[in-house]
Amino acid sequence: MQDTLSINIQTKIKVAFICVHNSCRSQIAEALGRHYASDVFESYSAGTETKPQINQDAVRMMKEIYGLDMEETQHSKLLTDIPEVDIVITMGCNVECPWLPSRHREDWGLDDPTGKGDEEFIRTVKIIEQKVIELKNRIISNEIISSELCEKAK
């Protein structure tokens with residue numbers, strides 16, 4: 001019998017973390033999704049616009065806190081650059097958030113820490129970490145998506 005956490009890559013649930021610029025919060029969520037939940041879902045991030053590089057404070061904080069180098073594995077992407085997804089998580093855009101079709105959608109309502117100092121970045125990173133882990137657990141327990149989609153994860 002296959003362990004419920006051992007998921008075939010072709011059948012993994014796909015989660016998109018989206019915001020306007022795809023340079024900070026959504027990039028952090030993609031990195032933490034890969035770090036904590038790659039056994040349950042594939043993580044993507046995207047935006048309606050891109051920046052030339054990922055927010056350097058976010059890059060630095062992720063290296064310091066988790067040893068993850070987002071610049072090695074990620075880049076700023078448009079919504080059209082990612083595959084179709086099952087779950088869309090918006091970060092709290094403070095404007096009209098980007099829209100993607102999905103089976104489940106929620107907004108995490110996070111303020112952008114850009115320009116607010118390390119304490120605010122650390123607070124935001126830790127909130128995203130907690131929410132990614134909660135999302136993983138909700139997917140495993142079938143709380144947020146249809147039973148048909150959850151069958152993909154078994």
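The model shown is predicted, which means the values in this text are computed figures rather than measured ones. Side chains are part of it too, since the values below use all heavy atoms of this structure and drop only hydrogens, waters and symmetry mates.
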Heavy atoms, side chains only, cut-off 4.5 Å: are [X] and [Y] in contact?
X: Lys126; Y: Ile65; value: yes
X: Phe121; Y: Lys116; value: no
X: Met62; Y: Leu32; value: yes
X: Ile122; Y: Met61; value: yes
X: Ile128; Y: Leu110; value: yes
X: Ile28; Y: Phe17; value: no

Exercise for the section: To the nearest 0.5 angstrom, please state how far the CD1 atom of Ile13 sits from the OG atom of Ser102. Expected result: 12.5 Å
Practice task
Please round to the nearest 0.5 Å and tell me the distance separating atom OH of Tyr36 and atom OH of Tyr66.
Solution key: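 The distance works out to 5.0 Å.
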Within the side chain of [X], is there an N or O that forms a donor-acceptor pair under 3.5 Å with the backbone of [Y]?
X: His104; Y: Ile87; result: no
X: Lys131; Y: Glu129; result: no
X: Lys63; Y: Met70; result: no

Exercise for the section: Run the salt-bridge test on Glu64 and Arg60 with the 4.0 Å N-O cut-off and return the result as yes or no. Expected result: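 The answer is yes: the pair qualifies as a salt bridge.
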Check [X] against [Y] and note the closest heavy-atom contact, atom names and distance.
X: Ser26; Y: Ala46; answer: OG-O, 4.3 Å
X: Ile54; Y: Ser23; answer: CG2-O, 3.3 Å
X: Pro113; Y: Thr124; answer: CB-OG1, 3.7 Å
X: Asp112; Y: Cys24; answer: OD1-SG, 4.0 Å
X: Thr73; Y: Arg34; answer: O-NH1, 3.5 Å
X: Arg25; Y: Gly92; answer: NH1-O, 2.7 Å

Handout entry: side chain to side chain contact (heavy atoms under 4.5 Å, CB included) evaluation trace for Glu30 with Lys77
Key = CA-CA 12 Å; Glu30 177 183 356; Lys77 300 169 289 302; 3.1 Å; yes
Handout entry: Test side chain to side chain contact (heavy atoms under 4.5 Å, CB included) applied to Thr90 and Trp108, step by step
Key = CA-CA 6 Å; Thr90 53; Trp108 285 357; over 6 Å; no
Handout entry: Sole residue of His75, Gln74, Gln27, Met91 in side chain to side chain contact (heavy atoms under 4.5 Å, CB included) with Asn22
Key = Gln27
Practice task
Would you please test Val15 and Asp86 for side chain to side chain contact (heavy atoms under 4.5 Å, CB included) and show each step?
Solution key: CA-CA 6 Å; Val15 177; Asp86 302 298; over 6 Å; no
Exercise for the section: Could you check Glu106 against Arg138 for salt bridge (Lys or Arg N to Asp or Glu O under 4.0 Å), going step by step and ending with a plain yes or no? Expected result: CA-CA 13 Å; Glu106 61 188 60; Arg138 289 168 43 211; 2.7 Å; yes
Problem - Residues Lys12, Asp39; criterion side chain to side chain contact (heavy atoms under 4.5 Å, CB included); working and verdict - result: CA-CA 8 Å; Lys12 275 190 193 174; Asp39 58 335; 5.8 Å; no
Practice task
Examine the side chains of Asn55 and Thr114 and answer whether a donor and an acceptor come within less than 3.5 Å of each other.
Solution key: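 Yes, Thr114 and Asn55 have a side-chain donor paired with an acceptor closer than 3.5 Å.
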Exercise for the section: Just jot down the salt bridge (charged side-chain N to carboxylate O under 4.0 Å, His left out) partners of Glu49, sequence neighbours excluded, or say none. Expected result: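 With neighbours one apart ignored, the set is empty.
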Exercise for the section: Is it possible for you to say whether Leu78 and Ile18 belong to one hydrophobic cluster, with membership spreading through side-chain heavy-atom contacts below 4.5 Å? Expected result: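 In one cluster with Leu78: Ile18, no.
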